[in-house]
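Every chain is numbered from 1 and lettered A, B, ... according to where its sequence line falls, protein lines coming before strand lines.
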Amino acid sequence: MWFWVFVGPFVIGLVVFVYVPIAWSIYLSFFDSYNTVTPTTFVGLGNYVDMLRDPAFRSSLVTFLVFAAFIVPVTFVASLGVALLVARTTVMQAFFRSVFFLPVACSYVVASLIWKMSIFSGIRSGLANAVLGWFGIDSVPWLSLAQPPWYWLVIVTARLWLQIGFYMILFLAGIQRISPTLYEAAAIDGAEGWKVLRHITLPQLRATSTAVLLLLLINAFQAFDEFYNILSTFGTYPPYARPPLVYLYYTALGSGQDFGHGSAGAVILTLIIAIVAVGQSRLLRLGDRGD
Amino acid sequence: MAIVRSRRQSRLTGLVRYTALLVAALLFLVPFYLLVRSAFMREQDLSSPDFHWLPPVWETANLTGLFDNPAIPMARSLLNSGVIAVTQTIAVLVVSGLAGYGLARIPYRWSNVVFYAITATLLIPAAVTFVPSFVLVSTLGWISTLRGLIIPGLFQALATFLFRQFFLGFPKEIEEAAFIDGLGYWGTFWRIVVPNSMGFVAAIGTITFIGSWNAFLWPLVIGRDQESWTVQIAVSTFLTAQSVQVSQLFMAALVAIVPLLLMFLFLQRWIVEGVERTGIAGD
């Protein structure tokens with residue numbers, strides 16, 4: 001059967017490394033399983049109740065909401081803006097596109113290092129404090145204080161720099177798909193500048209925009225690398241600013257190895273993200289029909 | 001009059017646009033500049049209270065010191081990252097390429113069911129399932145092994161989905177001609193379809209390689225022993241522990257991104273295409 005010769009290896013791998021772990025995890029989430037993957041004490045929905053009651057788990061969801069409230073709109077507007085600027089440019093277009101795209105090659109770890117130890121290091125020779133110093137403003141301890149939460153600025157700008165190029169490419173591809181006859185018709189009608197943007201470019205980018213928004217939201221939900229690398233010092237992570245995956249990491253793989261609660265948390269997060277993904281695409285499709 | 005005004009106006013907006021682009025481009029390059037500058041600075045200059053635009057002394061000893069420093073397993077972690085990224089890229093291309101072709105071209109009664117079972121997992125981001133995957137890998141005894149780092153990441157529904165979409169659009173006449181020549185599915189795929197799909201393969205391959213080289217959460221969870229660290233874990237460990245010279249840390253980070261910067265220089269076209277294909281899979 002040729003079908004299985006081609007598709008079989010992938011399907012077997014998918015079952016073993018995706019379906020089985022998820023099923024096993026759902027099983028573990030109904031048991032007390034500290035340090036073991038073959039638990040015996042059935043606790044029913046106990047782990048789920050514990051997780052939803054745990055203020056730390058709920059605060060991790062709040063942390064995600066705060067983070068998403070900043071990063072999603074800012075990245076969206078910035079990458080769209082850069083794409084529009086680059087698309088209109090004829091001279092050095094390839095150069096500008098490459099410069100904005102370049103951070104895509106950089107890892108979150110390396111970016112975290114540059115942000116933490118160079119740009120936003122608390123000492124006076126850190127770039128941010130040096131710039132403040134030129135205007136006679138005192139140095140700011142960007143990362144060592146919980147209040148005021150300057151660390152948000154560090155986290156958000158790092159991800160912004162890493163991601164803008166990726167979404168710029170998606171918007172550029174969308175802009176290039178717009179038929180030039182639409183612009184010609186607009187020019188004949190005497191429309192220019194903002195009017196063209198509002199009535200032609202943005203509506204035509206609708207499909208791209210919805211895809212970008214969904215990707216931004218899902219990626220923000222999975223944020224881990226920059227939080228872990230920027231905020232953890234001397235091997236310890238502060239009790240605040242823990243997004244869901246950071247919380248899960250310390251619950252399931254910290255000193256306790258609490259797989260029961262960890263699995264329950266993973267199931268809850270998976271459900272949230274699946275509901276968001278399905279819900280958003282439904283919502284936007286309904287919106288389309290209304291037009 | 002109107003034309004004159006509009007021409008002057010467009011020259012003005014052009015100027016504003018270029019200024020905005022130039023300023024933004026400079027801001028985007030600042031982090032790279034800081035990385036290179038700091039990698040070649042002496043420790044005492046980095047910790048001095050004054051900001052230096054350029055290193056007062058270009059310290060190339062950071063590079064040799066980095067590979068001599070017994071605290072940082074730099075050579076080993078680079079080797080691990082290279083082995084993992086190359087194997088994962090090749091394996092994903094082969095496994096997902098075959099599966100995508102089978103789903104697109106080989107008639108089978110349950111083909112649609114299999115396809116839905118695959119795409120259903122697209123809704124579940126791999127990062128969220130790291131706890132279950134860790135449980136499985138630890139049961140298999142694969143903690144701190146290359147197997148544990150490589151194999152669980154090979155079965156990417158997105159890559160299979162994209163290959164299927166791509167092969168659905170592949171010109172059928174070419175395949176039919178090959179079939180008449182008696183090549184069969186296997187021969188047609190490897191001798192006709194693959195050689196004519198190298199652009200798409202390059203796009204998916206480059207984006208997979210970047211993702212693999214830069215991966216963090218999974219190598220952090222699995223790479224417990226020093227011998228199994230990837231270069232990202234090595235840099236991260238010394239960043240969060242702050243136990244080595246900061247200048248050497250910057251040099252380590254510079255070394256860690258050089259392979260990808262080189263890739264960028266020569267393969268940017270395919271990376272851009274890979275981003276376009278993976279970013280908006282629905283189109």
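When the candidates Val11(A), Leu172(A), Ile230(A), Val91(A) are compared by the number of heavy-atom contacts under 4.5 Å with chain B, Val91(A) comes out ahead. When the candidates Leu102(A), Val18(A), Val267(A) are compared by the number of heavy-atom contacts under 4.5 Å with chain B, Leu102(A) comes out ahead. The most heavy-atom pairs under 4.5 Å with chain B, out of Trp115(A), Trp2(A), Phe95(A), come from Trp2(A). Contact tally against chain A (heavy-atom pairs below 4.5 Å) for Ile210(B), Thr139(B), Val235(B), Leu261(B): the top residue is Thr139(B). Here Leu248(A) is the residue among Ile12(A), Ile119(A), Leu248(A), Asn129(A) with the most heavy-atom pairs under 4.5 Å with chain B. By number of non-hydrogen pairs under 4.5 angstrom with chain B, the leading residue of Ile123(A), Thr89(A), Leu231(A), Leu215(A) is Thr89(A). Heavy-atom pairs under 4.5 Å with chain B were tallied for Phe224(A), Phe166(A), Phe100(A); the largest tally goes to Phe100(A).
For a residue to count as touching a neighbouring chain, one of its non-hydrogen atoms must lie under 4.5 Å from one of that chain's; by this rule Trp161(A) touches chain B with backbone and side chain alike. With a 4.5 Å cut-off on non-hydrogen atoms, Trp186(B) touches chain A through its backbone and its side chain both. Contact annotation for Tyr237(A): neither backbone nor side-chain heavy atoms come within less than 4.5 Å of a heavy atom of chain B. For Val272(B), the parts lying under 4.5 angstrom from a heavy atom of chain A are both the backbone and the side chain. Heavy-atom distances place the side chain of Ile257(B), and not its backbone, under 4.5 Å from chain A. Residue contact with chain A, scored on non-hydrogen atoms closer than 4.5 Å, involves the backbone and the side chain of Phe250(B) alike. With a threshold of 4.5 angstrom between heavy atoms, Arg37(B) approaches chain A through side-chain atoms but not through N, CA, C or O. Interface residue Leu21(B): backbone and side-chain heavy atoms are both found under 4.5 Å from chain A. Only the backbone of Ala241(B) comes within contact range of chain A, with heavy atoms under 4.5 Å apart. Proximity to chain A (any heavy atom under 4.5 Å) is shown, for Arg109(B), by neither the backbone nor the side chain. If you measure heavy-atom distances from Thr237(B) to chain A, you find no contacts under 4.5 Å at all. Only the side chain of Val246(B) has a heavy atom closer than 4.5 Å to any heavy atom of chain A. Contacts between Leu254(B) and chain A at a heavy-atom distance below 4.5 Å are absent for every atom of the residue. Neither the backbone nor the side chain of Val137(B) comes within less than 4.5 Å of any heavy atom of chain A. Only the side chain of Phe96(A) comes within contact range of chain B, with at least one heavy atom under 4.5 Å from a heavy atom of that chain. If you measure heavy-atom distances from Ser236(B) to chain A, the contacts under 4.5 Å come from both the backbone and the side chain. Of the atoms belonging to Ile233(B), not a single heavy atom falls under 4.5 Å from chain A.
Enclosure of atom CZ in Arg88(A) is not indicated, since only 12 or fewer non-hydrogen atoms of other residues, nucleotides or ligands lie within 6.0 angstrom.
Side-chain atoms of Tyr19(A) come within 3.5 Å of backbone N or O of Ala117(B) as a donor-acceptor pair. Judged by distance alone, the side chain of Asn229(A) and the main-chain N or O of Thr240(B) form no donor-acceptor pair under 3.5 Å.
Rounding to the nearest 0.5 Å places CD1 of Ile124(B) at 12.5 Å from CG of Leu269(A). Of the inter-residue distances, the one linking Leu217(B) atom CG with Tyr249(A) atom OH reads 8.0 Å to the nearest 0.5 angstrom. Between the CG atom of Asn214(B) and the CG atom of Asp225(A) there is a distance of 9.0 Å, given to the nearest 0.5 Å. Atom-to-atom distance recorded for Ile106(B):CD1 and Phe6(A):CZ is 4.5 Å, nearest 0.5 angstrom. The CG atom of Leu46(B) lies 7.5 Å from the OG atom of Ser125(A); values are rounded to the nearest 0.5 Å. Rounded to the nearest 0.5 angstrom, Ile271(B) CD1 and Phe101(A) CZ are separated by 6.0 Å.
Across every non-hydrogen atom of Phe10(A) and Ala99(B), the tightest pair is CB-CB, 3.6 Å. Closest non-hydrogen pair, Ala105(A) versus Leu260(B), comes out as O-CD1, 3.0 Å. Shown here for Gly262(A) and Val131(B), the closest heavy-atom pair between the two residues is C-CG1, 4.2 Å.
Applying the side-chain hydrogen bond (donor to acceptor under 3.5 Å, both in side chains) rule to pairs touching residues 250-269 of chain B yields Ser98(A)-Gln268(B), sequence neighbours excluded.
Proximity of the aromatic rings of Trp110(B) and Phe3(A) is defined here by a centroid distance below 6.0 angstrom, and this criterion is not met.
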